[in-house]
Amino acid sequence: YAKIVAERFGADHHAILASPSIVDLLPKIVWHLDEPIADPAAITSYLICKAAREEVTVLLSGQGGDEIFGGYRVHLTDRLSRPLHALPRGVVRSGLVPLLDLLPKIRERIPGVRPGKVMAYHRYLRKLLMGAHYPRDSRYVYHRSYYPPGEQARLYSTDFARRVAGLDAYESHLRYLRESEDATFVDQMLYLDQKTFLPELNLAYSDKTSMAASVEVRVPLLDQELATFMRGVPADMKIRRMKQKYLFKKAMEGILPHDVIWRGKAGFGAPIRNWLHGELKPLIDDLLSETSLRQRGYFDPAIIARMREDDRTGTADHAYRLWALMTLEIWMRTFVDRRVVKAGSPPAEAIPA
């Protein structure tokens, strides 16, 4: 699609194939991020900026477009959940969920669909089913999370669970939904994203990884006047039936090629399952080992071991949860323990000044 647009406007188009050494790169990215931001897109962002730095020093980014215009798949979950909510809870959880859970077991045998794509659809649809009977506001926060309400606490060690007892991981997000409760639910979702997901995740990793590569990234879709204007646009001009970013796309007709405007959503991700089961396996075995987890004291080693085993055998998809746990441990070793992070590194090995 980038090539199509370049040809339309007579721009130079350069395709770059990135083959990172993820074992060496991941600790470096965590160091540059300075916070335990557990999004593999930070890797992709850094690689793009580093490659582009050979030609340019300023890049334009589409960051903010989904939060302003309503473009994430998660923004459709409220509509997709309505017919499921009308079904008895038992039908959904005891009937439809086990049926859907057959997908990972046959992911290698589905013609024309990559196994990773099958797992992505499985993860999305499973969350849709499992969250169908939550209250509307909690359901959206659930779809923005890696864990259902209360499940994250199952990972904690006895001591840590006691220390954080009474804290609700959902509360800060629910507060933003309450602040905007006079708006349509579409605008409530976007307001929440603009207050949390955008500044705390997307803009944070984009800014820090670009600076790490000595590149300046600008975000024209977050122009203040444009963002303010979109706040006042009716919700059905943002998401019309199942068409997302509707006003933005209609405005681009006649300017961009039709197939570019109306193509399906393409996520900005990374092949984390391949990394976790391949190059990163020795590192994650060290970071999330029983010894490491007991020394850190936050998580129950038996629960984490079961998550790792279920993910590797395909029994469950815990890739993003494991990525978050691994990122946290790398961050702790880097900024708390002041240790070099690599598989099998001795505890006394300090980070060079």
Side-chain angles (χ1 to χ4, degrees), residues 2 16 18-53 56-69 71-75 120 123 141 143-147 169 172-173 176 190 192-223 227 265-276 279-280 283-284 287 319-336 341 351:
I16 301 168
S19 301
S21 172
I22 189 62
V23 176
D24 298 324
L25 186 56
L26 179 57
K28 178 180 179 179
I29 295 299
V30 172
W31 186 85
H32 280 298
L33 290 174
D34 198 44
E35 303 173 57
I37 298 174
D39 192 334
I43 304 283
T44 320
S45 176
Y46 175 77
L47 292 173
I48 290 172
C49 292
K50 189 171 184 295
R53 182 61 181 82
V56 297
T57 56
V58 179
L59 294 173
L60 297 180
S61 168
Q63 290 276 26
D66 291 313
E67 290 88 351
I68 297 297
F69 296 99
Y72 288 122
R73 291 191 188 99
V74 72
H75 295 149
R123 185 174 63 252
V141 180
H143 282 288
R144 270 279 176 234
S145 311
Y146 291 155
Y147 298 91
S172 61
H173 286 59
Y176 286 118
L190 298 184
L192 170 60
D193 287 354
Q194 291 165 27
K195 289 291 190 178
T196 56
F197 191 72
L198 180 61
E200 295 174 6
L201 187 74
N202 285 352
L203 292 180
Y205 79 65
S206 178
D207 182 58
K208 293 179 180 182
T209 56
S210 61
M211 290 294 99
S214 300
V215 168
E216 179 186 348
V217 170
R218 297 177 182 173
V219 284
L221 294 182
L222 289 175
D223 174 85
K265 173 69 175 173
F268 188 64
I272 65 170
R273 286 177 196 81
N274 289 340
W275 288 343
L276 291 175
E279 293 176 70
L280 288 177
L283 183 61
I284 197 171
L287 295 169
Y320 283 90
R321 294 179 175 187
L322 291 170
W323 186 274
L325 291 166
M326 180 176 63
T327 300
L328 177 61
E329 179 58 23
I330 292 175
W331 184 86
M332 294 293 292
R333 292 190 185 188
T334 302
F335 292 99
V336 178
V341 178
I351 294 177

Testing the basics here: between [X] and [Y], what is the closest heavy-atom pair and its distance to 0.1 Å?
X: L221; Y: Q63; result: CB-O, 4.1 Å
X: S214; Y: R53; result: O-NE, 3.0 Å
X: D66; Y: H75; result: O-CE1, 3.5 Å
X: A319; Y: R273; result: CB-CG, 3.8 Å
X: S61; Y: P220; result: O-CD, 3.5 Å
X: Y146; Y: A324; result: CE1-CB, 4.1 Å

Just verifying a value: how many Å separate [X] [atom1] and [Y] [atom2], rounded to the nearest 0.5 Å?
X: I284; Y: W323; atom1: CD1; atom2: CH2; answer: 9.0 Å
X: K195; Y: L190; atom1: NZ; atom2: CG; answer: 13.5 Å
X: M211; Y: S206; atom1: CE; atom2: OG; answer: 9.0 Å
X: M326; Y: I272; atom1: CE; atom2: CD1; answer: 8.0 Å
X: D39; Y: L33; atom1: CG; atom2: CG; answer: 9.5 Å
X: E279; Y: D24; atom1: CD; atom2: CG; answer: 9.0 Å

Within the 4.5 Å heavy-atom criterion, are [X] and [Y] side-chain neighbours or not?
X: D34; Y: F335; result: yes
X: T334; Y: P27; result: no
X: Q194; Y: Y176; result: no
X: L26; Y: W275; result: no
X: V336; Y: W331; result: yes
X: L280; Y: V23; result: yes
X: L203; Y: L222; result: yes
X: T327; Y: I37; result: no

(message) Apply side chain to side chain contact (heavy atoms under 4.5 Å, CB included) to residues V215 and V56 and explain how you reach the verdict.
(response) CA-CA 8 Å; V215 168; V56 297; 5.8 Å; no

(request) Under the side chain to side chain contact (heavy atoms under 4.5 Å, CB included) rule, what do D193 and Y72 come out as? Steps first, then yes or no, please. (result) CA-CA 10 Å; D193 287 354; Y72 288 122; 4.2 Å; yes

(message) Between T196 and L192 (side chain of the first, backbone of the second, donor and acceptor by atom type, cut-off under 3.5 Å), is there such a pair?
(response)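 Answer holds: yes.
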
(request) Any salt bridge (charged side-chain N to carboxylate O under 4.0 Å, His left out) involving residues 201-213? Give me the pairs, sequence neighbours left out, ordered by first then second residue. (result)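 Qualifying pairs, neighbours excluded: E35-K208.
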
(request) Verify side chain to side chain contact (heavy atoms under 4.5 Å, CB included) between L47 and L25, making sure each step is shown before the conclusion. (result) CA-CA 10 Å; L47 292 173; L25 186 56; 3.8 Å; yes

